[in-house]
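Some notes on the structure that comes next.
Below, all heavy atoms of this structure are taken into account, side chains as well, without hydrogens, waters or symmetry copies.
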Amino acid sequence: MRILFVHPNYRSGGAEIAGTWPPAWVAYLTGHLRQAGFGDVHFIDAMTDGLTDADLAKQIEAFAPDVVGVTAITPSIYRAEDVLKIARDVAPNAVRVMGGVHATFMYKQVLSEAPWIDVIVRGEGEEVCTELMLAIEDGRFPADRHKIKGLAFLDDGKIVATQAASTVKDLSKIKPDWTVLEWSKYIYIPLGTRVAIPNLARGCPFTCSFCSQWKFWRDYRVREPKDVVDEIEELVDNHGVGFFILADEEPTINKKKFVAFCQELIDRGLPKRVKWGINTRVTDIYRDRDLLKFYREAGLVHVSLGTEAAAQMKLDVFNKETKVEENKTAIRLLREADILVEAQFIVGLDNETPETLEETFRMAWDWQPDLANWAMYTPWPFTPLFQELKDQVEIFDFSKYNFVTPIMKPAAMERGELLDGVMNNYRRFYSRKALFHYPWRGTGFRRRYLLGCLYAFLKAGYQRTFYDLGKAGYWGPQSKKSVDFHFDETRQLAEAQMEDWDASADKAARAAERREALRAQGKERAVRRSAEFKMPNGAEVKICGGGDRQMDDA
């Protein structure tokens with residue numbers, strides 16, 4: 001059976017300005033399929049190759065696949081749907097499969113707007129995808145699709161979702177096949193070297209209200225450090241990778257495993273051959289302040305910190321469980337360990353103003369990270385924060401849900417003014433860094449790395465790809481009132497998805513009511529117990545000091 005995976009051609013002017021990123025998802029799925037005996041697996045990276053729909057159609061037709069599979073995050077969902085529509089036209093006998101975070105949670109929306117999709121794989125893909133492919137190969141699909149956990153599909157016009165599949169419990173079975181990728185394509189611009197995105201852990205124990213990763217992976221699991229370093233050594237030896245970024249939301253959560261991972265890299269001499277970066281939380285930097293130089297010895301050179309917001313109110317809204325003052329100290333600790341630090345800010349909620357944007361710039365400059373990034377708040381429709389803000393969401397063109405387009409309109413600003421404020425922060429921060437910091441400070445490696453980052457920014461700016469500025473028609477402050485984000489206003493929420501959200505909201509409301517009722521009952525029982533309680537000697541109950549009055553509520 002011939003399986004063809006396709007990565008959709010979608011770009012936003014965000015993360016891809018730093019280089020061409022290898023789609024790790026296809027390596028992890030292919031590795032699991034090969035263990036199950038599937039040898040005829042192929043891959044088309046339409047994004048990196050910049051394929052038009054016509055070119056993609058020719059390649060799919062030439063492969064003559066039995067299965068065509070795609071994945072999609074929210075902004076690439078329409079392009080992923082288009083891939084399977086093309087497959088329907090040029091390979092009509094192939095089973096059309098979609099996976100990824102957006103389809104997992106929004107399967108009702110996806111199947112409503114793209115009924116040509118045969119089946120959606122929901123959640124963690126390796127085991128579900130393999131079971132699905134075995135059913136297709138054996139001729140048991142679609143007859144047995146109701147028996148396979150973790151799927152969604154249309155059955156006689158009705159949307160069906162089978163029971164959720166278990167997460168992968170034995171992570172030693174995760175053995176990605178990196179040979180499926182053409183590694184000469186994937187270059188990290190700041191260092192001019194091949195880049196990879198391996199995976200140490202899955203899931204996250206934190207529940208940031210704007211994030212969906214903890215919902216997608218469900219439980220937090222860490223792979224054996226030796227297994228991961230085996231992968232990295234293969235990537236370095238066989239594919240020429242010189243830089244990698246751990247795909248984990250926060251690889252430092254399990255300190256013991258992370259330290260073992262670093263030690264394994266050191267023991268094999270890999271830090272001399274490959275450098276790497278991570279995303280993590282401010283609190284973990286505090287916890288590991290005495291280990292930061294050890295991490296640097298292991299090759300860690302870039303940490304992206306989820307500082308998220310300059311104002312404590314925003315941190316509380318995001319459920320970040322951190323304090324503003326902690327951010328500055330964490331950045332200083334990393335720089336003292338000779339680790340480059342990138343501060344991430346989320347902007348563009350309904351309470352954003354020119355003054356709050358200015359505040360984020362002042363704090364970024366005061367904290368002095370090496371790099372700063374201002375991301376537009378993007379209301380993933382499957383996150384808790386969306387449920388709170390959904391009445392304020394006006395745009396349902398998911399292709400613009402990319403962290404660079406202002407989906408939310410602040411009450412005090414137009415979207416073009418918000419974009420201009422963010423661009424003003426970028427201009428000021430990086431022009432000052434370019435003139436006074438990058439060429440003159442730090443070690444030779446630090447200077448080379450930062451100048452490489454600056455080159456990536458300038459390249460994207462010159463090509464008008466940064467933040468999709470060319471498509472939006474932004475040329476500076478003079479154009480902020482004429483910016484056009486080209487929202488497709490015909491995009492609306494599918495009725496089926498709305499019903500699902502309404503059901504979720506009702507469920508949440510009932511749960512809140514139950515919690516409030518239980519609290520009230522608890523208070524009532526406490527008052528009753530207090531009134532009925534007697535000291536063993538029959539004495540009256542007194543508080544400390546012998547009084548009988550409680551303190552007034554402050």
Side-chain angles (χ1 to χ4, degrees), residues 12-19 21 188-191 195 197 208 210-211 243-252 275-286 288 292 295-296 299-310 315 318 320 322 324 326-347 360-377 403-404 422-423 425-434 436-438 441-443 445-461 466-467:
S12 68
E16 67 264 20
I17 71 166
W21 304 101
Y188 186 56
I189 293 175
L191 292 177
V195 61
I197 313 177
C208 294
F210 59 86
C211 183
F243 185 79
F244 68 86
I245 297 176
L246 288 177
D248 312 30
E249 290 300 301
E250 186 190 350
T252 54
K275 304 294 187 246
W276 50 288
I278 62 171
N279 298 284
T280 194
R281 290 169 60 90
V282 166
T283 49
D284 284 12
I285 300 302
Y286 265 74
D288 296 350
L292 296 180
Y295 295 161
R296 178 64 179 85
L300 177 60
V301 297
H302 187 143
V303 170
S304 180
L305 277 183
T307 51
E308 312 299 8
L315 289 175
F318 295 150
K320 284 297 294 183
T322 59
V324 167
E326 295 173 346
N327 295 329
K328 183 175 182 178
T329 303
I331 290 169
R332 176 180 58 79
L333 291 170
L334 285 166
R335 295 192 65 201
E336 288 174 353
D338 197 30
I339 298 173
L340 290 95
V341 57
E342 177 180 1
Q344 300 279 354
F345 296 96
I346 292 178
V347 297
T360 63
F361 172 76
R362 288 199 306 267
M363 285 200 170
W365 195 252
D366 176 54
W367 297 348
Q368 279 298 303
D370 298 291
L371 303 162
N373 181 45
W374 283 268
M376 299 289 185
Y377 168 63
F403 295 112
V404 303
V422 170
M423 289 302 107
N425 283 359
Y426 275 114
R427 283 191 295 265
R428 289 182 292 169
F429 185 88
Y430 284 100
S431 62
R432 294 183 189 183
K433 286 287 187 179
F436 305 115
H437 288 213
Y438 293 167
R441 299 189 179 187
T443 63
F445 175 83
R446 171 182 284 271
R447 183 158 52 257
R448 179 166 67 93
Y449 189 103
L450 290 172
L451 288 174
C453 291
L454 181 63
Y455 170 73
F457 271 110
L458 292 175
K459 182 174 183 285
F466 181 62
Y467 262 59

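For the pair R432 and W365, the cation sits on the ring face: its NZ or CZ lies under 6.0 Å from the ring centre, inside 45° of the axis.
Rounding to the nearest 0.5 Å places OH of Y286 at 3.5 Å from OG1 of T329. With values rounded to the nearest 0.5 angstrom, Y438 atom OH is found 5.5 Å from L450 atom CG. In this structure, I339 CD1 and I285 CD1 are separated by 7.0 Å, a value rounded to the nearest 0.5 Å. Separating the CG atom in L292 from the CG atom in D284 is a distance of 10.5 Å, to the nearest 0.5 Å. Taken from OH in Y295 to CD1 in I278, the straight-line distance is 8.0 Å, to the nearest 0.5 Å. Once rounded to the nearest 0.5 Å, the distance linking CD of E250 with OG1 of T283 reads 6.0 Å.
Counting all heavy atoms, side chain and backbone alike, A456 lies closest to I17 at CB-O, 3.7 Å. The two residues G13 and E16 have their closest heavy-atom pair at N-OE2, 2.6 Å. In plain terms, the two heavy atoms of A343 and I331 that are nearest each other are CB-CD1, 4.4 Å. Nearest heavy-atom pair across A18 and W21 is CB-CZ2, 3.8 Å. The two residues S304 and N279 make their nearest non-hydrogen contact at CB-OD1, 3.2 Å. Contact between L300 and G277 at its shortest, heavy atoms only, is CD1-CA, 3.9 Å.
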**Prompt:** After noting the C-alpha distance and the side-chain angles of Y449 and K275, does the key distance pass the side chain to side chain contact (heavy atoms under 4.5 Å, CB included) rule?
**Reply:** CA-CA 11 Å; Y449 189 103; K275 304 294 187 246; over 6 Å; no
**Asked** Where do T280 and L305 land on the side chain to side chain contact (heavy atoms under 4.5 Å, CB included) test, with the steps shown first?
**Response** CA-CA 6 Å; T280 194; L305 277 183; 4.0 Å; yes
**Intermediate values then yes/no, side chain to side chain contact (heavy atoms under 4.5 Å, CB included), L371 and L340** = CA-CA 8 Å; L371 303 162; L340 290 95; 5.6 Å; no
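Taking the six-membered ring for Trp and the full ring otherwise, the centers of F243 and H302 sit at least 6.0 Å from each other.
In terms of the ring-ring contact (aromatic ring centres under 6.0 Å, His included) criterion, residue partners of F466 (sequence neighbours excluded) are, by chain and number, Y426, F457. Every residue two or more places apart in sequence or in another chain was checked for a ring-ring contact (aromatic ring centres under 6.0 Å, His included) with Y455, and none qualifies. Partners of R427 according to the salt bridge (Lys or Arg N to Asp or Glu O under 4.0 Å) rule, which considers only residues two or more places apart in sequence or in another chain, are D420. The ring-ring contact (aromatic ring centres under 6.0 Å, His included) check on F244 picks up W276, with sequence neighbours excluded. Here D248 pairs with nothing under the salt bridge (Lys or Arg N to Asp or Glu O under 4.0 Å) rule; sequence neighbours left out.
Remark: the backbone N or O of A372 is paired with a side-chain donor or acceptor of Y430 at under 3.5 angstrom.
With contacts defined as side-chain heavy-atom distances shorter than 4.5 Å, the pair N373/E342 qualifies.
For residues 365-377, the salt bridge (Lys or Arg N to Asp or Glu O under 4.0 Å) pairs, not counting sequence neighbours, are K328-D366, R335-D370, D370-R446.
Among W367, F429, F361, the one residue that satisfies the ring-ring contact (aromatic ring centres under 6.0 Å, His included) test with F345 is W367.
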